[in-house]
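Below, chains carry the letters A, B, ... as their sequence lines are ordered, and counting in each starts from 1.
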2 protein chains.
Amino acid sequence: MKIHMLAQKTGLNPPTIRYYEKEGLLDRRHVERRDNNYREYTEEAVEHLLLIKRVQAAGFTIREIKVILKEEDENKLELSQAIEFLRKKMKEMDHRKRELEQSQSLLARMLDNKLALLEKKGTSENKPLP
Amino acid sequence: MKIHMLAQKTGLNPPTIRYYEKEGLLDRRHVERRDNNYREYTEEAVEHLLLIKRVQAAGFTIREIKVILKEEDENKLELSQAIEFLRKKMKEMDHRKRELEQSQSLLARMLDNKLALLEKKGTSENKPLP
DNA sequence: ATAAACTATAAAGTATACTTGAAGGTCAAG
DNA sequence: CTTGACCTTCAAGTATACTTTATAGTTTAT
């Protein structure tokens, strides 16, 4: 499929996809060139980009994603490094999750405070959401 | 206390603290000027900055933090807006948490795969972490 | 009293992750 | 065979969140 189609299927736009390729996030499993120099994408590319979106939303940088998603070259040293990296990242994600939870309860308290304030200021027009 | 002290207590550095002030994240509750034009920080500033760090780690931008942490001006309209904003953000955080969890199980699978690969390639020198 | 350490401002620089713009090649339809 | 919708590359622009640099005033220690 061509870049426009892939863009539609992934919710990204063409320049972003080209940018990801330039940054090394796509390889021969996902894209090749046709005679006219147009990029031709595989179905695998769709999954790959959706995965990138998810991992990125979880707080990874593009360079980090590149490290964890790159095609395994079966090199033992790099494999060990990738494993170490993944372990480290899992810990970081635990940490981030805890921070997220703490911030969430913080926001909940702030929300309560503000709701109480609103109550106090104008009881009549106060309409809490259903 | 002066900026250097606050920096030590919060793990930020002075330029960052000045930057936050410039961006409107600190107000009269946290900082004032002395005769020599030096900033004088309150103890409240320490808590405030630590809170900013936490909320930021949870994925908020500085502008968003500014909105949720700014001193309540007791204006009903802004209050309602802040409440709406907080509700929206809580939902976003739920979403981010789910994505984090999904990414985590994804990474766990990848880790398993890589560990299996490592097994296959060289059983002798393979030392899984304790 | 003078050097070292700390403070101030303003402006420029950096990194990340894109987005936009310019200038041109390709292709399908009328 | 040209128009319009795509495709290409490369360079420059944007937003966020700082960091660094330059220049200068203030305080503290010897």
N/O to N/O distances under 3.5 Å, protein versus nucleotides 19-22 of chain C:
from, atom 1, to, atom 2, distance (Å)
dT19(C), OP2, N13(A), OD1, 3.1
dT19(C), OP2, T16(A), OG1, 2.4

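Taking both residues in full, the closest heavy atoms of M93(B) and Q104(A) are given as CE-N, 3.6 Å, listed atom of the first, atom of the second, then distance. Residues L69(B) and R29(B) come closest through the heavy atom pair O-NH2, 3.5 Å. Smallest separation of non-hydrogen atoms from L118(B) and S80(A): CD1-OG, 3.9 Å.
Taken from NZ in K89(A) to CD1 in I68(A), the straight-line distance is 8.5 Å, to the nearest 0.5 Å. Here the CD-NZ distance, from Q8(B) to K2(B), works out to 12.0 Å after rounding to the nearest 0.5 Å.
Residue pairs meeting the ring-ring contact (aromatic ring centres under 6.0 Å, His included) criterion with at least one member in residues 1-22 of chain B, sequence neighbours excluded, do not occur. The stretch residues 29-67 of chain A participates, sequence neighbours left out, in these ring-ring contact (aromatic ring centres under 6.0 Å, His included) pairs: H30(A)-H48(A).
Take the nearest nucleotide of DNA chain D for F60(B) and for D35(B): the residue whose nucleotide is more 5' is F60(B).
With salt bridges taken as basic N to acidic carboxylate O contacts below 4.0 Å, none links K88(A) and E64(A). With respect to E23(B) and K66(B), no salt bridge is recorded, no charged nitrogen being found less than 4.0 Å from a carboxylate O. Remark: K9(B) engages E43(B) in a salt bridge, criterion side-chain N to carboxylate O under 4.0 Å.
Nucleic acid contact class of R33(A) (heavy atoms, under 4.0 Å, all strands): sugar-phosphate only. Counting non-hydrogen atoms under 4.0 angstrom, R18(B) reaches a base of the nucleic acid.
Between dC18(C) and Y20(A), a contact under 4.0 Å exists linking OP1 or OP2 to a side-chain N or O.
The distance from atom CG of N36(B) to atom P of dT9(C) is 11 Å, rounded to the nearest whole Å. Atom CD in E40(B) sits roughly 11 Å away from atom P in dT7(C) (whole-Å rounding). Rounded to whole angstrom, the span from the CZ atom of R39(B) across to the P atom of dT7(C) amounts to 10 Å. The OH-P distance, from Y38(B) to dC6(C), rounds to 11 Å in whole Å.
Remark: nothing in residues 41-58 of chain B comes within less than 4.0 Å of DNA chain C through any heavy atom.
A nucleotide of DNA chain D counts as in contact with chain A when one of its atoms lies under 4.0 Å from a heavy atom; the first and last such, 5' to 3', are dC6(D) to dT9(D).
Not a single side chain to side chain donor-acceptor pair (under 3.5 Å) links R18(A) to another residue, sequence neighbours left out.
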